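Everything on this sheet refers to the single structure shown next.
All values derive from a computational prediction rather than experimental measurement. Just so it is clear, the values below take in all heavy atoms, side chains as well, and ignore hydrogens, waters and symmetry mates.
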Amino acid sequence: MQITKHQLAKGTKFETPYYIIKGNTAGKTVMITAGVHGDETANVLAAKKLVDLLQKNVHHIDKGTLIIVPIVNQIAYKRRFRGIPDLNRTFPCKPNVAARHPLASELFRLAKQFQPEWYIDLHEARGFSKIDPSVLGQTLLTNPRSEAIPLVKRIVNHLNRSIAQKSRQFSIRIRHLPGSGRTAAYRLLKSNSITVETSTSMPKAIRVEYQMKILRYLLNETGLIKDERTSATA
Ligand SMILES: [Zn+2]
């Protein structure tokens, strides 16, 4: 396994680190982004923790390539606000149409370069979707007809089995969100795209834990992680 650190939007005010982790053998490419919205924090902590665990060799990428961008919008994250404009409405909607924000443009360029089979965008939202269908806290989202749907169902079933409190269980939403990184990767790069939304109505440590569980399950299922330590902690 080889881990390298790079800078996205290098030399601009949007500069932010990303990591490329290559397994020793060929396999799928998974791209994980967090911090697209600066006021969502558990997802950023989980992405940073994953990088840390990989660097300490607690987790090990066997096969394929993992790309992690732990804090996409550094400026918004430092100030803990969502960001203006909403970065997740500025990704390209059609082929040959440019992104409407330099960060979305750089992030999409990185995705285009690696053509990930899986594009995972980590977020947080208010409320509990199981008890209030109008909110997005505790949901996984993917696009209509996406090949990600079966895995999304497996992740949600896996998580919900261990969540006794019904309100905290995850639900699934299948919809396009034009201008989002998820829908851009799905439509323009044919990636299996998933958005993860943990609920900010819970303590942060629990939210980080859910984000980590989802990532471990996903990396296992996509064949990147295959070791005893992972299944023991998943
Ligand atoms: Zn968000």
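Considering only residues two or more places apart in sequence or on other chains, F170 meets the ring-ring contact (aromatic ring centres under 6.0 Å, His included) condition with Y210. Remark: F128 engages no residue in a ring-ring contact (aromatic ring centres under 6.0 Å, His included) (not counting sequence neighbours). A search for side-chain contact (heavy atoms from CB on, under 4.5 Å) contacts involving R79 returns F81, not counting sequence neighbours. Take Y77 and apply the ring-ring contact (aromatic ring centres under 6.0 Å, His included) test, not counting sequence neighbours, and it matches no residue. A search for salt bridge (charged side-chain N to carboxylate O under 4.0 Å, His left out) contacts involving E117 returns nothing, not counting sequence neighbours. Scanning for side-chain contact (heavy atoms from CB on, under 4.5 Å) contacts around K63 gives T25, with sequence neighbours left out. Every residue meeting the side-chain contact (heavy atoms from CB on, under 4.5 Å) condition with R161, not counting sequence neighbours, appears here in chain and number order: N157, H158. Every side-chain contact (heavy atoms from CB on, under 4.5 Å) that K56 has, sequence neighbours left out, goes to D52, V58. Shown here are the salt bridge (charged side-chain N to carboxylate O under 4.0 Å, His left out) partners of R89, two or more places apart in sequence or in another chain: D86.
E197 and R173 are not joined by a salt bridge, as no carboxylate oxygen comes within less than 4.0 angstrom of a charged side-chain nitrogen.
Once rounded to the nearest 0.5 Å, the distance linking OH of Y119 with NZ of K190 reads 15.5 Å. Distance NZ/K48 to CD1/I68: 12.5 Å, rounded to 0.5 Å.
In this structure a side-chain-to-backbone donor-acceptor pair under 3.5 Å is present from S146 to A148. No side-chain donor-acceptor contact under 3.5 Å links N43 to the backbone of A34. A donor-acceptor pair under 3.5 Å links the side-chain atoms of T16 to the main chain of I71, judged by distance alone. The main-chain N or O of P70 is never found under 3.5 Å from a side-chain atom of Y19 such that the two would form a donor-acceptor pair. Put simply, the side chain of S191 never gets that close to the backbone of S193: no donor and acceptor are under 3.5 Å apart. When atom types are taken as modelled, the side chain of Q138 and the backbone of S199 share a donor-acceptor pair closer than 3.5 angstrom. Checked by atom type and distance alone, the side chain of H101 pairs as donor or acceptor with a backbone atom of L103 at under 3.5 Å. Counting only distance, with no hydrogens or angles, the side chain of T90 and the backbone of A99 share no donor-acceptor pair below 3.5 Å.
Contact of the N192 side chain with the L151 side chain is not registered, since no non-hydrogen atoms from C-beta on lie closer than 4.5 Å. At a threshold of 4.5 Å between non-hydrogen side-chain atoms, the residues Q211 and L122 count as touching.
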Is there a side chain to side chain donor-acceptor pair (under 3.5 Å) between S171 and S129? Walk through the geometry before answering. CA-CA 7 Å; S171 41; S129 63; 2.4 Å; yes
R216/H59 under side chain to side chain donor-acceptor pair (under 3.5 Å): CA gap, chis, key distance, verdict: CA-CA 9 Å; R216 286 195 193 100; H59 287 321; 3.0 Å; yes
Please walk me through it: do V51 and L54 pass side chain to side chain contact (heavy atoms under 4.5 Å, CB included)? CA-CA 5 Å; V51 170; L54 288 162; 5.6 Å; no
Verify side chain to side chain contact (heavy atoms under 4.5 Å, CB included) between L50 and L219, making sure each step is shown before the conclusion. CA-CA 11 Å; L50 180 60; L219 292 173; 4.0 Å; yes
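Note on ring orientation: taking the six-membered ring where Trp is involved, the planes of Y18 and H6 are parallel (angle under 30°, cut-offs 30° and 60°).
Between M31 and the choices I120, I67, D121, I20, the side-chain contact (heavy atoms from CB on, under 4.5 Å) rule is met once, by I67. Of the residues listed (N143, T142, N88), the one engaging T183 in a side-chain hydrogen bond (donor to acceptor under 3.5 Å, both in side chains) is N143, and it is the only one.
The salt bridge (charged side-chain N to carboxylate O under 4.0 Å, His left out) pairs that include a residue from residues 93-111 are E106-R109, where partners are two or more places apart or lie in different chains. For the salt bridge (charged side-chain N to carboxylate O under 4.0 Å, His left out) condition, the pairs that include at least one residue of residues 123-141, sequence neighbours left out, are E124-R207. The salt bridge (charged side-chain N to carboxylate O under 4.0 Å, His left out) analysis of residues 12-25, with sequence neighbours excluded, yields no pairs.
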